[in-house]
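Here is the structure we will look at.
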There are 2 protein chains.
Amino acid sequence: MAATDSENQAKVPPRSTPERILDAAEDLFAEKGYSATSLGDVADRVGIRSPSLYNHFKNKEALYEAVLERLLAVFSAPLGELDRGSVTQERVFFWLETIVRQHHANPNLARLLQHAALSGGPHTNELIDRLFSPMFQPGANRIEGAENTLIENTGLQPWAVMAFNNLVMSYVTMAPMYRDLLGQDPFSDAALDNQLNLIRILLRAVFEYKGDAPLDQGA
Amino acid sequence: MAATDSENQAKVPPRSTPERILDAAEDLFAEKGYSATSLGDVADRVGIRSPSLYNHFKNKEALYEAVLERLLAVFSAPLGELDRGSVTQERVFFWLETIVRQHHANPNLARLLQHAALSGGPHTNELIDRLFSPMFQPGANRIEGAENTLIENTGLQPWAVMAFNNLVMSYVTMAPMYRDLLGQDPFSDAALDNQLNLIRILLRAVFEYKGDAPLDQGA
DNA sequence: GGAGCCAATGTGAATAATCGCGCCTCCTGA
DNA sequence: TCAGGAGGCGCGATTATTCACATTGGCTCC
């Protein structure tokens, strides 16, 4: 039903100026980080002069906030979706798959978050809270369907959550480095399948690990 | 004998000015990235004025190169160490453990690399080659001790290499975000143990995965 | 052991470019 | 007609970089 684009009606023919500014700013903030992004670059990409930006956003920080807000709105939906109901291996995987696909479709949130983790910047703490708190909520990620010793016995559960999250996000932020090494466009459909397959394998390990037979040293 | 410093310690060589510049620049480049780091910040941290930097380094880019070179010298040794001999699960784990410990001891390489992956910067391609090529060398990472179907059948081997590498590096670059959520200093010894335990579990999954019983959809 | 010298290393001042940002004017379309 | 949105202009701060200059420490030669 989104097929009303180029032909007949008034909706969405050209994006509005604020939207085009947000688009450009999102890409640039994600690539260079907050402080290294200049408003001149943003304006150039939109096709206007930098003072004109101030007709739409109070200042650089407000523009950054708006970019964050728009990204968070897209990603917040699936993040809280695992809270309700029993957490089975299948549900976790489909939850991860959703997030992976979302990051593939728009890699900018992961990139922005990585910049924030490295260098700080405005609203970093708020950003962390809104993205990560849902995942570490007491009750979230509580495995009920299986007697998983990983969670209860070794106390590694939050570490596993962190690891899988890092896996998904660092794929986006680091993949360009592997383009040559993998011999594949990291954002192609085939690459996405490969990444999902590997995640499935690793997820099985976490779910089925019973704590027996450590590699070669006492736990 | 040569103890003319403060006490009678044998070794307290006061770091030379170039070394102190490199120390400061490494921290700042790792935190803010190349372009967002100002030479004034570097000079301030050393305790000199920024023009004095030019007595020791040709320009900002040369300083950055020197920082990279010094870091690569530390990390290049274990990277090529897996090339020779059979690749067993134990050897891979100890190899990973070495790298993890090195990143914990000096997180700056991972941070610098992450900045380069996101924003580019001088010598990024060279940096990628020198760090990642050894891992993807034909012959490297060739599992001989076990009949691992992951490698040969599913073609996921380079993806697994990439995933574990991302796991190690993104721990360093993202861990600060999890400090509150994990309730632990991510760079403490206890945290390091937890990370190593999880890596061990995931590594077993990759080694022992035989390709049977995909989660719930045909391979 | 001075006198002279040079290279190394620091400094402040100056330059040109770029930055975020405010002011003010002009154009356009409803 | 009129207001919103774009551009021109410019201020003040910061950037990398250069230069002229002061100070040092060690070297040689008498």
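Heavy-atom basis, side chains included; hydrogens, waters and symmetry copies ignored. Residue numbers start from 1 in every chain, and the chains themselves are labelled A, B, ... in the order their sequence lines are given, proteins ahead of strands.
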Extract, from 5' to 3' on DNA chain D, the first and final nucleotides lying under 4.0 angstrom from some heavy atom of chain A.
-> D:dG5 to D:dC9
Test side-chain hydrogen bond (donor to acceptor under 3.5 Å, both in side chains) applied to B:T98 - qualifying residues, sequence neighbours left out = none
For B:A110, enumerate each residue passing the side chain to side chain contact (heavy atoms under 4.5 Å, CB included) test, keeping only those at least two apart in sequence or located in another chain.
-> B:H103, B:M169, B:V172, B:T173
Across all chains, not counting sequence neighbours, the side-chain hydrogen bond (donor to acceptor under 3.5 Å, both in side chains) partners of B:D27 are B:N108
Which protein N or O atoms sit under 3.5 Å from an N or O of nucleotides 19-23 of chain C?
| unit_1 | atom_1 | unit_2 | atom_2 | d |
| --- | --- | --- | --- | --- |
| C:dC19 | OP1 | A:S38 | OG | 3.3 |
| C:dG20 | OP1 | A:T37 | O | 3.1 |
| C:dG20 | OP1 | A:L39 | N | 2.9 |
| C:dG20 | OP1 | A:K60 | NZ | 3.4 |
| C:dG20 | OP2 | A:L39 | N | 2.9 |
| C:dC21 | OP2 | A:Y54 | OH | 3.0 |
| C:dC21 | OP2 | A:K60 | N | 3.0 |
| C:dC21 | O5' | A:Y54 | OH | 3.2 |

Does anything in residues 21-32 of chain B reach DNA chain C, meaning a heavy atom under 4.0 Å, and if so which residues?
-> none
So, does A:Q114 use its side chain to make a donor-acceptor pair with the main chain of A:M174 at under 3.5 Å?
-> no
Residues in ring pair (Phe, Tyr, Trp, His ring centres under 6.0 Å) with B:F187, at least two apart?
-> B:H104
Listed by chain and number, what are the side-chain hydrogen bond (donor to acceptor under 3.5 Å, both in side chains) partners of A:Y178, not counting sequence neighbours?
-> B:N165, B:N166
B:R179: partners by salt bridge (charged side-chain N to carboxylate O under 4.0 Å, His left out), with sequence neighbours left out = B:D185
With A:A190 via side chain to side chain contact (heavy atoms under 4.5 Å, CB included) - residues at least two apart | A:Q184, A:S188
Salt bridge (charged side-chain N to carboxylate O under 4.0 Å, His left out) partners of residues 156-177 of chain A, not counting sequence neighbours, each pair once = none
Any pair counted as side chain to side chain donor-acceptor pair (under 3.5 Å), so long as it reaches residues 59-70 of chain A, sequence neighbours left out = A:D23-A:R70, A:E26-A:R70, A:E61-A:H123, A:E65-A:H123, A:E69-A:R130
